[in-house]
There are 2 protein chains.
Amino acid sequence: MTLTETGDAAVTEATTELTRGAGVAAWRQIADAIAAEIAAGRLAPGAQLPTEARLAERFAVNRHTARRALAALAAEGLVRTAQGKGSFVEARPLPYPIGPRTRFSENIGRAGHGAGGELIAARELPASAVVAERLGVAEGALVLEVRSRRLADGVPITAGRSYHPLPRFAGFAEAYRATGSVTAGLAACGVADYRRRSTAISARLATPEEAAALDLAPGRIVLVTEAVNVDEAGMPVQLTYGAFAADRVELRVEG
Amino acid sequence: MTLTETGDAAVTEATTELTRGAGVAAWRQIADAIAAEIAAGRLAPGAQLPTEARLAERFAVNRHTARRALAALAAEGLVRTAQGKGSFVEARPLPYPIGPRTRFSENIGRAGHGAGGELIAARELPASAVVAERLGVAEGALVLEVRSRRLADGVPITAGRSYHPLPRFAGFAEAYRATGSVTAGLAACGVADYRRRSTAISARLATPEEAAALDLAPGRIVLVTEAVNVDEAGMPVQLTYGAFAADRVELRVEG
DNA sequence: GGACATTTGTGCGTATGTATG
DNA sequence: CCATACATACGCACAAATGTC
């Protein structure tokens with residue numbers, strides 16, 4: 001095996017084989033391969049993509065199929081196609097550090113982008129078995145569920161849900177809605193500082209809801225994180241599920 | 001948005017929406033959703049899956065389509081189905097911790113599985129711009145490329161490549177081939193200890209080569225890591241690219 | 001054993017999506 | 001734009017295996 005797209009530029013080099021009849025259309029596989037090059041930074045913004053004819057040759061498909069892949073990428077805003085000139089890379093990846101002191105606003109702000117949190121909905125509900133275990137409360141105990149979305153420069157970066165024990169965090173939703181900051185929301189509930197205890201990372205296809213929230217073309221891949229934040233005493237203050245557009249973000253673990 | 005499959009058991013609860021016409025077949029999306037539940041440990045080994053009729057209802061598809069998803073999972077060994085009884089979970093999830101002291105053998109051994117590394121090929125080549133930057137050597141300087149695969153209980157977990165500066169690590173490949181351990185291979189080159197300086201995580205579809213190396217059904221999602229290991233003096237000793245089957249592994253960041 | 005409900009397995013016809021040339 | 005081949009998805013119907021009463 002070679003990890004072709006990872007180390008070197010597969011899209012611009014030797015022929016890459018596709019997988020037929022595995023439930024994933026050829027045009028999507030090609031689009032994903034190119035998107036992976038962009039996400040990894042190997043195809044820089046402004047760079048010119050191979051011509052349709054060359055892509056068709058590289059992936060051993062009809063030119064119609066290569067065209068469709070480029071059309072999909074153009075619809076997603078990853079590339080821009082100009083008649084008679086070619087296709088060019090539009091987007092750039094955004095590194096997203098993960099660690100004990102992970103805070104969205106600081107991450108994005110540090111990278112020179114404007115950060116903002118957007119509360120979509122909040123409600124109280126009894127904790128499911130999984131939520132109860134993570135938050136260290138009894139199953140069925142009331143918890144606060146907050147659905148939100150976070151942006152950098154107006155582009156949605158992550159969408160997800162968070163759960164907070166009640167009644168301690170009864171005022172979180174309102175404070176978060178007002179400030180757009182999780183840190184400020186938790187502070188309003190008496191949490192001076194918090195740290196990330198653990199993060200689990202997986203990946204899958206975006207659901208239609210996620211696609212809508214992240215302004216993604218449906219069927220794209222999302223990185224999914226499940227994390228627990230605890231206060232200075234080690235008490236869980238937040239269980240979060242986040243979905244990141246794999247095309248726009250690269251998670252980074254330092255240390 | 002809801003992150004349905006992530007927070008709670010979507011497969012066994014409320015209806016989950018699929019993405020139509022995005023180049024990914026419905027049966028594969030359903031198979032992926034169930035595989036993710038298994039990988040996250042939310043569907044325990046031996047647990048009975050919902051009936052075909054119920055799955056069809058939940059995902060709003062025909063029973064034939066739900067059947068095909070189960071057939072795909074059965075072909076991958078994730079579930080086993082018995083006529084008149086139902087389908088049951090076969091595989092078990094494998095958490096994979098990532099941190100400064102990340103070592104494959106320890107990770108897998110700690111989880112109660114047998115670990116083993118398998119060298120596929122090794123060669124010397126001039127460093128590309130990316131490799132040179134990561135390893136802190138001059139572009140074009142000779143580096144050692146090692147392609148390998150790692151197993152737990154005989155099941156491929158990760159496949160990838162690593163790069164090492166030359167001439168310092170001229171003996172790495174042979175030592176690694178003999179022991180199947182990166183730690184032992186580095187030790188043979190005088191590296192008493194090493195730590196992981198950074199890890200970047202992204203996700204995309206598996207290439208056919210990766211699918212073959214990981215014994216994956218083609219077109220599945222892989223988590224891709226790029227990591228730099230440094231010695232006690234902070235000198236880079238290894239740049240690694242790894243592809244993990246997203247169905248079998250969940251990356252975990254502690255702290 | 002019989003009767004019955006549940007669940008998986010199978011066949012067939014049809015419409016749409018995908019890919020080629 | 002067309003024609004062709006194949007994969008995907010649906011709907012209906014029925015057979016086969018299992019478990020229960």
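Labels below follow one simple rule: chain letters A, B, ... track the order of the sequence lines, proteins then strands, and each chain is numbered from 1.
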Measure from the side chain of [X], starting at C-beta and using heavy atoms only, and say which of [options] lies closest.
X: B/Trp27; options: D/dA9, D/dG11, C/dA19; value: D/dA9
X: A/Thr65; options: D/dC10, C/dG9, C/dT20; value: C/dT20
X: B/Thr81; options: D/dT18, C/dA19, C/dG9; value: C/dG9
X: B/Val61; options: D/dC10, D/dT8, C/dG9; value: D/dC10
X: B/Gln83; options: C/dT8, C/dT18, D/dA9; value: C/dT8

Test side-chain contact (heavy atoms from CB on, under 4.5 Å) applied to B/Thr225 and B/Tyr241, step by step: CA-CA 6 Å; B/Thr225 62; B/Tyr241 294 101; over 6 Å; no

Pair A/Thr81-A/Ser87, side-chain donor/acceptor within less than 3.5 Å: yes

In this structure, how many angstroms lie between the [atom2] atom of [N] and the [atom1] atom of [X], rounded?
X: B/Glu52; N: D/dA9; atom1: CD; atom2: C1'; answer: 15 Å
X: B/Glu57; N: D/dG11; atom1: CD; atom2: P; answer: 13 Å
X: B/Arg28; N: D/dA7; atom1: CZ; atom2: P; answer: 15 Å
X: B/Phe59; N: D/dA9; atom1: CZ; atom2: P; answer: 13 Å
X: B/Lys85; N: D/dT18; atom1: NZ; atom2: P; answer: 8 Å
X: A/Asn62; N: D/dC2; atom1: CG; atom2: P; answer: 17 Å
X: B/Leu55; N: D/dC10; atom1: CG; atom2: P; answer: 13 Å

Sugar-phosphate or base contact per nucleotide [nucleotides 10-17 of chain C; S, B, -; heavy atom under 4.0 Å]: BB------

Verdict with supporting geometry, B/Ile34 and B/Leu73, side-chain contact (heavy atoms from CB on, under 4.5 Å): CA-CA 8 Å; B/Ile34 297 173; B/Leu73 291 171; 3.6 Å; yes

NZ/NE/NH1/NH2 to OD/OE distance under 4.0 Å, A/Arg147 and A/Glu118: no

Pairwise side-chain contact, A/Val249 with A/Leu223, heavy-atom cut-off 4.5 Å (strictly under): no

A/Val24 side chain reached by B/Arg28 side chain, heavy atoms, under 4.5 Å: yes

Check: B/Ala243 main-chain N/O paired with B/Thr158 side-chain donor or acceptor under 3.5 Å: yes

